[in-house]
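This report concerns only the one structure given below.
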Amino acid sequence: MFWLGFCSAFALLAVGFFLLGERPVKINPVAVLPQTAEENVRLLFMAEEGDIPVMLVELLQRMPWRLHFPASRTFINPSEAQAIGGLLLGSDRAALLSIARPESHLYAAFELKDDAGKKDLPKTIQTLLPESSLRTIERGGLWSLEFKNGDELLWLRSHKGLLLLSSSREGLDLMLQAADDPSKRLELPWDDGSHALLRDPGDLALMLGSGEKSPLELRVDWQVKEEELRLAWHTQGLLKLFSPSDREILSPFRWEGRFYRPEPVILKLGLKLSRLPIKGGSIERLGELLGFSLDELESFLEGPCLVTIGGRAEVFKVPLTGVLVQLPGRGGVAARAVEAIWEALGPIGANRASVEGFPVGGAISFPFTVIAAANDELALFGVSDVNSLGETEALTLEPGILWLEVDLPALARTWSQAEELRDIVGAEIEPEEFADLRQWMERAGRLSLVLNSIEEGHLEWQITTGGNSDVD
């Protein structure tokens, strides 16, 4: 009886496999990247399931993509960038490798999201890459891809649930060999997770005027969890491009104090100003306007600076978003700057109102809102309604060079305000040039970025639609 039951179960399994077909074996996209020497790698990218940074990819799609350096060392050409961007947005996992020697070459693999799309790959590709032209080379397996404004032909093949992309047919063959033979796969500098690695052999250093070919390396690690992107980066070799005095200027510092927070806050930027190019140009003219010597101007400008876009402002009673600059620790030189600004404004500032807690300076509301005020600890300058300053808040920032917090949807609305008022303020803005970027910003969520040092930093990006008009 036992053997009868066993045989019956085995027969049912056999019939099931026959009727349903064998389930395709999944393979990690990174497992098809072909082996190459470490010094050949220029760009390596690996995104695990759920870690495709959609908003970041969409931003990169809107940028002029021609990442190259002297001696024709191209990382990604425009056609490759278009293909990668579109396919990433339709994928759960992906990996790519770009090499520069013996010649530039791209290898990429994508695990597409839609099972139905995998069954009709030509239609899926056309959906993800509408500006491309797809030609079938071998029915059911091999295609060539070309973009309307590009002269580079790309090649695509379907294999083991992946869509393979390469800059040549031979590249696809190498990827197939890697898929079937682990000894022919690229050796990775990490075990798992989502990462990117970009290497430059020294061309960038020469382009920046260092005088010698100094290799550079950028590594990025990230994770997307519950619509939040957490990303950190670290560079090697970048410090060599800075002189000892520049390194001192850009050394991390901890910033603590109390500052105003005009509500709603849209953008907040903190940085340390140091050794600005004062002689010549607009900064020296500012010194002349204030009646400052170069030493006095340097004393006034250098130090921590907090720039906030937020609160309210008006230009001829037309509502705008305010802009406020806060300079702590400037002492008496800030008071002199405030008095000089009001003197320069002439009759406009004659009826200015005082600002509580600031014995020097004041604020006006017509014809436009202006604030310029100082006390022993803090100086305020900006186009902002004094009534929207709110209360001061304690601000403690982790050690770094620069901090940025921005509510991108709210910033997009502020951008639209500026476009509507361009005739009033006299600015020449071409809306069509920025419409696509502004539409991206409207659904890009909130971003917080810290540049901890010259070589490293991190960001947190709440990738939510709609956005808030506040950045905590």
Side-chain angles (χ1 to χ4, degrees), residues 21-36 40-47 52 57 61 65 74-100 102-186:
E22 184 181 357
R23 190 173 182 82
V25 178
K26 272 193 171 184
I27 184 171
N28 193 312
V30 78
V32 301
L33 299 182
Q35 189 178 55
T36 188
N40 294 342
V41 176
R42 292 295 172 264
L43 179 62
L44 178 59
F45 173 95
M46 169 183 170
I52 301 291
V57 172
Q61 285 184 311
W65 264 85
T74 303
F75 288 82
I76 297 179
N77 66 45
S79 294
E80 292 169 350
Q82 279 186 281
I84 291 168
L87 294 174
L88 277 176
L89 295 179
S91 301
D92 282 325
R93 296 192 295 175
L96 70 90
L97 167 67
S98 176
I99 65 174
E103 60 182 13
S104 296
H105 215 101
L106 174 71
Y107 310 91
F110 306 87
E111 182 181 297
L112 298 177
K113 293 179 180 179
D114 190 357
D115 286 334
K118 296 175 187 177
K119 296 175 182 177
D120 190 358
L121 273 171
K123 183 178 179 181
T124 301
I125 293 167
Q126 288 293 291
T127 301
L128 296 174
L129 306 173
E131 297 183 1
S132 68
S133 175
L134 190 70
R135 187 163 65 94
T136 301
I137 306 300
E138 295 177 5
R139 288 184 61 84
L142 179 65
W143 303 272
S144 65
L145 185 73
E146 188 173 8
F147 287 89
K148 295 175 183 177
N149 297 323
D151 54 0
E152 300 91 351
L153 198 65
L154 300 176
W155 297 85
L156 294 165
R157 181 181 285 281
S158 174
H159 183 69
K160 290 187 177 181
L162 297 179
L163 180 63
L164 311 186
L165 169 72
S166 183
S167 45
S168 72
R169 291 186 66 168
E170 293 76 17
L172 291 178
D173 293 338
L174 290 176
M175 296 174 78
L176 293 177
Q177 294 173 24
D180 297 331
D181 185 352
S183 68
K184 295 184 178 180
R185 294 174 185 173
L186 180 71

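As the structure is a prediction and not an experimental result, all values here were calculated from the model.
In this structure, Glu146 CD and Ser132 OG are separated by 10.0 Å, a value rounded to the nearest 0.5 Å. Rounding to the nearest 0.5 angstrom, the gap separating the CG atom in Leu153 from the CG atom in Leu145 is 7.5 Å. A distance of 4.0 Å separates CD1 in Ile99 from OH in Tyr107, rounded to the nearest 0.5 Å. Taken to the nearest 0.5 Å, the CG atom of Leu162 stands 8.0 Å off from the OG atom of Ser158.
The only option from Leu88, Ile52, Leu164 that meets the side-chain contact (heavy atoms from CB on, under 4.5 Å) definition with Phe110 turns out to be Leu88. The side-chain contact (heavy atoms from CB on, under 4.5 Å) test with Val32 is passed by exactly one of Lys160, Met175, Lys184: Met175. For the side-chain contact (heavy atoms from CB on, under 4.5 Å) test with Leu163, the passing option among Leu128, Thr124, Ile125 is Ile125; the others fail.
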### Message
Set out, in order, the CA-CA distance, both residues' side-chain angles and the distance that settles side chain to side chain contact (heavy atoms under 4.5 Å, CB included) for Phe45 and Ser98, then state yes or no.
### Response
CA-CA 9 Å; Phe45 173 95; Ser98 176; over 6 Å; no

### Intermediate values then yes/no, side chain to side chain contact (heavy atoms under 4.5 Å, CB included), Glu80 and Leu96
CA-CA 11 Å; Glu80 292 169 350; Leu96 70 90; over 6 Å; no

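Arg185 contributes a side-chain N or O that, together with a main-chain N or O of Ala31, makes up a donor-acceptor pair within less than 3.5 Å. Side-chain atoms of Ser166 come within 3.5 Å of backbone atoms of Leu106 as a donor-acceptor pair (strictly under, hydrogens ignored).
Across all their heavy atoms, Val57 and Gly85 have their closest contact at CG1-O, 3.7 Å. Contact between Ile27 and Glu111 at its shortest, heavy atoms only, is O-OE1, 4.4 Å. The two atoms that bring Leu154 and Ser167 nearest to each other are CD2-CA, 4.1 Å, heavy atoms only. Across all non-hydrogen atoms, the minimal contact from Phe147 to Ser79 is CE1-O, 3.4 Å. Minimum heavy-atom separation, Leu112 to Asp92: O-OD2, 4.2 Å. Nearest heavy-atom pair across Met46 and Val30 is SD-CG2, 4.1 Å.
Inter-residue side-chain proximity for Leu186 and Gln35 is flagged as unmet; no heavy-atom pair is nearer than 4.5 Å. Using a 4.5 Å heavy-atom threshold, the side chains of Ile137 and Trp155 count as touching. In this structure, His159 and Asp180 have side chains that are in contact, with non-hydrogen atoms separated by less than 4.5 Å. Taking the side chain as every heavy atom from C-beta outward, Gln177 and Pro34 never approach each other to under 4.5 Å. With contacts defined as side-chain heavy-atom distances shorter than 4.5 Å, the pair Leu176/Arg157 qualifies.
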